[in-house]
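The figures that follow rest on heavy atoms only: side chains count, while hydrogens, waters and symmetry mates do not. Numbers here simply count residues along the sequence, with the first being 1.
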Amino acid sequence: MVILCGMIFAAKAEPVLTEEELDFAQIALGIDRVQPPYLKGDYVIFTQEYDSRFVGIAFDFEKFNTIHPFQSRKMHDADGNETGAVYFFVLRLPKSVQEFNYRIVVDGLWTTDPLNKSKSFSREANLTLSHFDASRFIPPVTEKQQEGYVRFIYRGKSGQRIRLGGSFTNWDSWIYQLKEVSPGLYQLDLPLPPGTYEYAYFVGTTSFIDESNPQRCYTAEGKKASRLVVN
């Protein structure tokens, strides 16, 4: 599928993996042993011994309402002979989660994670839970904020004049200018109703895409622009 600003053209193509699917595949290939849970970017990787029929995991930020099943990974030597196997689960962390508690279920029995020494006692549930510190730096990106605002983000050299233009300004780039809120970090909060928008940043007469937003499109003039869907 080819996206031009305001127009979509269908094209025959092979299925393309999403960025998250590619991350998952790369992480899964790197799992070769049982070890305590660890943080890798915005993912937490859990492993368990491959000596049961079912292993699942539930999290406090989901109120323990969902049991996520572990998957199995079997390792082989150069001759194709199986050398071992582990259960694993890869968690994509919500942006707001910097730490969490969780429980493991093995063949129907709930327990703390035997590979994680960090525990937390829940007075509400009267249970000891496994705890994980997921604190990490989360770079700001262009995204919808509360009360119908979109926060546009640009990171670059300090002291620039970064303007914003798009379909919501009829591509007039002289209406809105981003403010430098810290050295090299510019932002602008703009009220936008639900819809699909195309936009770009401008310095002088030069336009360029928003690197914090992976969605792309092309203008009628063939210039690359950013695409934003506001729900």
Side-chain angles (χ1 to χ4, degrees), residues 15-146 153 155 185 211-215:
V16 178
L17 293 177
T18 65
E19 182 179 354
E20 185 170 349
E21 289 170 335
L22 288 170
D23 287 342
F24 178 88
Q26 184 178 29
I27 290 170
L29 286 173
I31 297 171
D32 58 3
R33 67 187 185 279
V34 174
Q35 60 181 311
Y38 59 95
L39 183 67
K40 187 172 184 178
D42 287 328
Y43 299 87
V44 181
I45 296 87
F46 302 86
T47 57
Q48 292 292 309
E49 295 287 353
Y50 193 74
D51 56 4
S52 52
R53 295 188 304 275
F54 176 84
V55 179
I57 189 169
F59 303 100
D60 62 353
F61 58 81
E62 296 177 329
K63 302 185 185 301
F64 299 106
N65 288 331
T66 302
I67 299 175
H68 301 275
F70 278 56
Q71 298 184 43
S72 60
R73 167 153 167 71
K74 298 182 179 180
M75 284 75 73
H76 300 82
D77 61 21
D79 297 322
N81 301 313
E82 186 175 322
T83 58
V86 299
Y87 279 122
F88 76 95
F89 178 75
V90 179
L91 169 67
R92 174 70 182 266
L93 284 164
K95 291 184 69 172
S96 59
V97 174
Q98 294 281 349
E99 62 176 342
F100 59 86
N101 296 320
Y102 66 98
R103 300 179 74 194
I104 297 287
V105 57
V106 180
D107 290 340
L109 298 176
W110 287 99
T111 181
T112 55
D113 186 346
L115 300 171
N116 184 359
K117 295 180 179 180
S118 180
K119 313 293 182 188
S120 176
F121 182 76
S122 170
R123 293 181 180 274
E124 182 180 358
N126 195 32
L127 289 171
T128 299
L129 306 171
S130 294
H131 178 79
F132 189 86
D133 181 3
S135 55
R136 64 209 186 279
F137 172 69
I138 302 176
V141 297
T142 294
E143 61 186 352
K144 181 182 177 182
Q145 305 293 305
Q146 295 180 350
I153 295 291
R155 293 189 298 273
L185 176 62
E211 294 290 353
S212 78
N213 178 3
Q215 300 297 319

Could you tell me whether the side chain of [Y] reaches within less than 4.5 Å of the side chain of [X], counting heavy atoms only?
X    : Y   : result
L129 : F64 : yes
K40  : V90 : no
Y87  : Q71 : no

Any donor-acceptor pair under 3.5 Å from [X] side chain to [Y] backbone:
X    : Y    : result
D79  : N81  : no
T142 : S212 : no
K117 : P114 : no
R73  : L29  : yes
D77  : G80  : yes

- Ring centre gap for Y43 and F24 strictly below 6.0 Å: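 No - the distance between ring centres of Y43 and F24 does not fall below the 6.0 Å cut-off.
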Quick check: closest heavy atoms across [X] and [Y], and the distance to 0.1 Å?
X    : Y    : answer
V55  : S52  : CG2-OG, 3.4 Å
F89  : I57  : CD2-CG2, 3.8 Å
K119 : T112 : NZ-OG1, 3.4 Å
A85  : K74  : CB-CG, 3.8 Å
M75  : V86  : CE-CG1, 4.2 Å

Find the distance between [atom1] ([X]) and [atom2] ([Y]) and round it off to the nearest 0.5 Å.
X    : Y    : atom1 : atom2 : value
F88  : I27  : CZ    : CD1   : 9.5 Å
L115 : F46  : CG    : CZ    : 11.0 Å
S120 : F132 : OG    : CZ    : 14.5 Å
L91  : Y102 : CG    : OH    : 10.5 Å
Q48  : T111 : CD    : OG1   : 8.5 Å
Q98  : L93  : CD    : CG    : 8.5 Å

- Message: Quick one, R103 with L127, criterion side chain to side chain contact (heavy atoms under 4.5 Å, CB included). Give me CA distance, side-chain angles, the key distance, then yes/no.
- Response: CA-CA 10 Å; R103 300 179 74 194; L127 289 171; 3.7 Å; yes
- Task: Could you list the residues that satisfy salt bridge (Lys or Arg N to Asp or Glu O under 4.0 Å) with E49, not counting sequence neighbours?
- Result: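 Result, salt bridge (Lys or Arg N to Asp or Glu O under 4.0 Å) vs E49: none returned.
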- Query: Who passes salt bridge (Lys or Arg N to Asp or Glu O under 4.0 Å) against K95, sequence neighbours left out?
  - Reply: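 By the salt bridge (Lys or Arg N to Asp or Glu O under 4.0 Å) rule, K95 matches E143.
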- Task: Show your working on side chain to side chain contact (heavy atoms under 4.5 Å, CB included) between L185 and I153 and close with a plain yes or no.
- Result: CA-CA 7 Å; L185 176 62; I153 295 291; 3.9 Å; yes
- What pairs of residues pass the side chain to side chain donor-acceptor pair (under 3.5 Å) test when at least one of them lies in residues 127-139, not counting sequence neighbours?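 Applying side chain to side chain donor-acceptor pair (under 3.5 Å) to every pair that reaches into residues 127-139, excluding sequence neighbours, yields D42-R136, E99-H131, N101-H131, D133-S135.
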- Message: Within a 6.0 Å radius of atom CD on Q145, are there more than 12 heavy atoms belonging to other residues, nucleotides or ligands?
- Response: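 Yes - once you tally the heavy atoms of other residues, nucleotides and ligands closer than 6.0 Å, there are more than 12.
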- Task: Would you check, one step at a time, whether the test side chain to side chain contact (heavy atoms under 4.5 Å, CB included) holds for I67 with F59?
- Result: CA-CA 8 Å; I67 299 175; F59 303 100; over 6 Å; no
